[in-house]
Structures are given as C-alpha cells and as structure tokens.
Colleague: 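Next up is a structure, given as structure tokens.
Values in this document were obtained by computation on a predicted structure and should not be read as measured data. To find a chain, count down the sequence lines: A is the first, B the second, and so on, and within it residues start at 1.
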Number of protein chains: 2
Amino acid sequence: MAVIYSQFHSLESEKQERIINASLKEFARNGYDKASTNEIIKQAGISKGSLFNYFNNKKELYLFLLDYVEKVIKKIYAEVDWNEPDFFTRIRQLGLVKFKIYKKFPHAFNFLKAVSHEDAADVKPAISKLKQDLIASGLEKGYQNIDWSKFREDIDREKMINIINWTMLSFAEQHMNELDSIEDVGREILSESDEYFDILKQCFYKKGEQ
Amino acid sequence: MAVIYSQFHSLESEKQERIINASLKEFARNGYDKASTNEIIKQAGISKGSLFNYFNNKKELYLFLLDYVEKVIKKIYAEVDWNEPDFFTRIRQLGLVKFKIYKKFPHAFNFLKAVSHEDAADVKPAISKLKQDLIASGLEKGYQNIDWSKFREDIDREKMINIINWTMLSFAEQHMNELDSIEDVGREILSESDEYFDILKQCFYKKGEQ
DNA sequence: AATCTTATTGACCAGAGTGGTCATTCTTAT
DNA sequence: ATAAGAATGACCACTCTGGTCAATAAGATT
C-alpha cells in the first residue's frame with residue numbers, strides 16, 4: 001500500500017498539488033462518471049500520458065483522492081483541541097483549521113460533498129469504506145468535553161446546536177467566494193464571524209455568563 | 001409570444017409536468033451544456049421526435065423553462081400577504097408557499113440555483129434578462145411593512161435576519177429529502193419548524209413580546 | 001561526449017454519447 | 001375507409017470519452 005503511487009509521490013509537490021486540485025475540482029463538479037480526464041490534464045497543465053502513468057486509470061485516480069482527502073480530514077481533527085470546554089471557542093477553532101485546508105485545497109470540501117452523493121458502481125464500495133473509516137476513527141467525539149453549564153436550560157439543546165452550526169456554515173458558505181481576492185481578507189471575515197458568535201452567546205448563554 | 005409552444009401547451013397537463021420536471025432535473029444537475037436531451041426524454045417517457053416537435057431545439061427548451069420558472073416565482077410572491085407585519089409569520093407563510101411549489105416541481109429551486117451559476121454563451125443573455133425582470137418586478141419588497149418594534153434593539157438587525165433566514169433555509173434543506181415518503185410528513189416538519197421559530201423569538205423578541 | 005534510463009508528450013484509437021432529422025407508424029375523428 | 005395529426009425511434013454527422021504507445025526530451029552515469 002505504501003509504495004503505491006510512488007511515481008506520483010516523487011513529483012515536485014507543487015505539481016502534485018496542481019494535479020490534486022484539478023482532479024478534486026473536476027470530480028466535485030461532475031461526479032465520477034462525467035468527470036473528464038481531459039479536463040483534468042488541461043487544468044493541471046500536464047499531458048494525458050503523464051496522468052495515466054501516475055495513475056493507471058480513472059478509478060485509481062479517484063481512489064487516490066478518496067484516500068488523500070481522508071488523511072486531510074484526519075489531520076484537521078488531530079489539530080483541534082478536544083479538551084477545550086467552551087463550545088464557541090471550539091467551533092471557532094474547527095473553523096480556522098478548515099479555513100487553512102480550504103486555502104490549500106479549495107475543492108476538497110465540495111469533493112467530499114459530491115462523494116456522499118456519488119453512486120457510480122465503480123467506486124461505491126470504496127466510498128462506503130471511507131464513510132465507515134471516518135466514523136470508526138472516532139470523529140464522532142464531536143461535542144465531547146463541552147461544558148454545557150453556561151447555556152440556558154429552557155431551550156432544546158439539539159435545536160440550539162443546530163442553529164449555531166447552521167449559522168456558521170451558512171456564513172462560511174456565503175464568504176467562500178470572496179476570499180481568494182485579498183490575502184488579508186481573512187481577518188475581516190474572522191472578526192465578522194466573531195460578531196455572530198457574540199449574538200449567539202447573547203441568545204443561548206445564561207444571563208450571568210459573559 | 002403567446003401562441004408559442006402551443007403544441008406543448010395542448011398536451012395533457014400530466015404529460016407537460018413530466019416533461020417539465022424531467023427537464024428541470026437534468027438541467028439543474030448538469031447545467032445547460034452537459035444536460036442530455038436523451039436523458040430528459042427517458043425520464044419523461046416520451047420519444048426524441050416528440051421533444052423536438054414541442055421545442056425546436058435544446059435552447060428553446062431551456063428558454064421555455066426559464067420563462068416558466070419565472071412565472072412560478074411570481075405566482076409564489078403574489079400569494080404572500082405583504083402586509084403581514086410579523087416577521088416570523090411572514091417567513092412561515094413564504095415557506096409554506098415554497099413548500100407547495102416544491103411538491104409540484106421538486107427541481108425548480110435547484111434549477112434556479114443552477115441557472116444563477118450558468119455560463120453557457122447560448123443562454124446567458126436570457127438569464128441576465130430573467131434576473132433583471134425578477135428584480136424589477138419588485139420582488140425586493142422583501143421586508144417591507146415588517147413591524148420591527150417587537151425586536152430587541154441591542155442586536156444588529158441585519159445579522160439577526162441572517163441568522164433567522166439561515167436557520168430556516170438549513171432546516172428546510174435538511175428535510176427536503178425525506179418528504180416524498182409519506183404525504184402527512186409535512187405536518188410534523190411544519191410543527192418542528194415552528195419550534196425553531198419559538199426559539200428564535202425567545203432570542204430576538206423583546207422580553208415582553210410573546 | 002556518449003550512452004543509458006527514466007519522464008513526458010500528444011497523435012491516435014475504438015466506442016459511447018451528442019443534438020437533431022424524418023420517413024414511418026399509430027391514433028383519432030370523421 | 002379515409003384523411004390529418006401526433007408520436008416514434010432508427011439514423012446521422014460530430015464530439016468527446018478513457019486509455020495506449022511510439023517517439024521525444026531530460027537527466028544521470030560512465
């Protein structure tokens with residue numbers, strides 16, 4: 001398993017990233033079947049022959065991406081401090097890590113979203129396995145160690161969490177487009193998202209708490 | 001303009017709907033260029049010849065859909081009482097109307113979403129026109145006549161509105177899939193969405209108000 | 001400089017799918 | 001029985017598909 005894709009891995013990392021991003025983009029947009037290898041090589045700036053040297057065929061390329069993205073996700077989760085007891089601080093942390101990933105692999109999340117809707121017979125088994133692996137590897141620690149005592153008790157907790165998550169996800173989605181412009185724009189967005197956090201704290205924290 | 005598509009319009013309405021839905025679905029999924037007329041006729045259960053009898057070519061079909069969807073939207077907005085002063089009541093109303101549309105044309109909203117990202121040269125001008133028409137026809141009355149006096153004044157109003165909208169949209173999206181199962185499921189979903197409204201009211205209304 | 005090894009290329013392939021046509025068949029009403 | 005209209009799907013030229021491989025280029029070794 002380790003020596004596989006060795007050709008690809010001995011490429012300059014910049015070229016690797018170009019190929020990965022082009023592939024993620026094309027598969028995310030069009031799904032496995034309709035994704036075009038011709039489009040991928042055009043976007044990546046390599047030749048047809050090269051792509052099929054690195055990966056023997058389309059399926060292998062896709063499986064490689066699945067594997068790669070799984071590793072990326074695991075790395076994200078490894079970077080988060082799961083002992084942080086404050087819910088908002090933790091969500092914020094998670095958001096920041098995801099943001100870092102997004103800058104390097106802008107299409108990784110869209111690719112994952114597409115993967116979950118994929119139903120090409122060629123790759124479906126591998127996708128099921130990925131899902132199982134992700135769940136098994138304990139990514140569902142989700143809200144472990146969170147200190148809920150700060151929160152109002154007269155509001156259904158699950159719905160509360162949903163509202164917070166939906167707000168942050170929608171906010172993120174809305175600003176995903178505009179952030180490739182300036183590098184520094186990250187700061188503005190971050191502070192705006194903090195304002196949303198403040199509002200939600202006002203809503204859901206008990207009176208006394210911050 | 002009125003007699004155009006007369007062939008299509010003299011079909012049984014059930015057949016018309018089958019064709020419309022199949023087309024909306026295919027264009028929503030794949031965009032103008034990659035949408036397959038073969039797939040459309042397969043989904044609609046008609047022959048190739050028929051489709052190209054009703055609409056001379058792919059472009060005409062697409063333009064017809066644009067026009068059709070525009071009318072549907074305008075009808076939605078015509079059904080809403082824009083004098084209802086309570087923000088939540090009005091959003092709820094709008095949601096209900098959209099829900100009705102969704103049951104009849106499940107892919108209409110996805111189609112519209114896809115339209116706004118479309119960039120096939122063939123249809124881009126028509127899309128620009130649609131956008132202008134929709135804006136021009138005063139659909140931006142949005143929050144007209146809303147009574148804001150019930151709301152807290154220590155929270156940024158725009159952000160507040162965003163949180164409410166994002167919550168309802170995310171909630172809707174999450175439940176879109178499961179509602180073709182039972183017909184009666186609509187009631188459950190509706191009452192659950194009302195619970196979210198109640199929470200948001202607790203958050204954003206002034207203390208005294210309901 | 002010459003030779004050998006490895007990486008990269010793109011013209012090329014058979015097959016599938018494309019939007020669109022139209023002679024033929026099927027329905028329906030007289 | 002007949003005429004008119006509606007519906008069909010085999011067919012067309014064309015594009016694009018995933019994948020191959022002889023030819024070339026680049027690097028390494030002597």
Colleague: Starting from P on D/dG19, measure out to CG on A/Asn56 and report it in whole angstrom.
Modeller: 10 Å
Colleague: Starting the side chain at C-beta, find the nucleotide from D/dG18, D/dA7, C/dT8 nearest to A/Ser50.
Modeller: C/dT8
Colleague: Rounded to whole angstrom units, what separation is found between the CZ atom of A/Phe8 and the P atom of C/dA7?
Modeller: 14 Å
Colleague: Students often mix this up, so state it plainly: with edges at 30° and 60°, are the rings of B/Phe87 and B/Phe151 parallel, tilted or perpendicular?
Modeller: perpendicular
Colleague: Expressed as a whole number of angstroms, how long is the span from A/Lys34:NZ to D/dT17:C1'?
Modeller: 13 Å
Colleague: Do B/Lys25 and B/Phe111 meet the cation-pi criteria used here (NZ or CZ under 6.0 Å from the six-membered ring centre, within 45° of the axis)?
Modeller: no
Colleague: What's B/Tyr54 touching, base or sugar-phosphate or nothing? Going by heavy atoms closer than 4.0 Å.
Modeller: sugar-phosphate
Colleague: Can you tell me how far P of D/dG5 sits from CD of B/Gln7, to the nearest Å?
Modeller: 11 Å
Colleague: Do A/Ile19 and A/Phe8 have side chains that approach each other closer than 4.5 Å (heavy atoms only, starting at C-beta)?
Modeller: yes
Colleague: What's the CD1-C1' distance between A/Ile41 and C/dG10, to the nearest Å?
Modeller: 9 Å
Colleague: Atom CD of A/Glu60 and atom P of D/dG18: how far apart are they, to the nearest Å?
Modeller: 15 Å
Colleague: Distance check needed: C/dT8 P versus A/Leu51 CG, whole Å only.
Modeller: 12 Å
Colleague: May I ask you to verify if any side-chain N or O of B/Asn57 is less than 4.0 angstrom from the OP1 or OP2 atom of C/dG19?
Modeller: no
Colleague: Which comes earlier along DNA chain D counting from the 5' end, the contact point of A/Asn53 or that of B/Ser10, where each point is its nearest nucleotide?
Modeller: B/Ser10
Colleague: With respect to the side chain of B/Phe52, which nucleotide from D/dT17, C/dG20, C/dT9 is positioned closest?
Modeller: C/dG20
Colleague: Base, sugar-phosphate or nothing for B/Lys48? Non-hydrogen atoms, less than 4.0 Å.
Modeller: base
Colleague: Determine: side-chain N/O of A/Ser47 to OP1/OP2 of C/dG10, distance under 4.0 Å, yes or no.
Modeller: no
Colleague: Between B/Tyr196 and A/Asn162, do the side chains contain an N or O donor and an N or O acceptor separated by less than 3.5 Å?
Modeller: yes
Colleague: Answer with yes or no whether the side chains of B/Asn56 and B/Glu60 bring together a donor and an acceptor at under 3.5 Å.
Modeller: yes
Colleague: Can you check whether B/Ser36 has a side-chain N or O nearer than 4.0 Å to OP1 or OP2 of C/dT18?
Modeller: yes
Colleague: Given C/dT9, C/dT18, D/dG18, which nucleotide is nearest the side-chain atoms of A/Thr37?
Modeller: D/dG18
Colleague: In whole angstroms, how far is the P atom of D/dG19 from the CG atom of A/Asp33?
Modeller: 11 Å
Colleague: Under 4.0 Å from OP1 or OP2 of C/dA7: is there any side-chain N or O of A/Lys15 that close?
Modeller: no
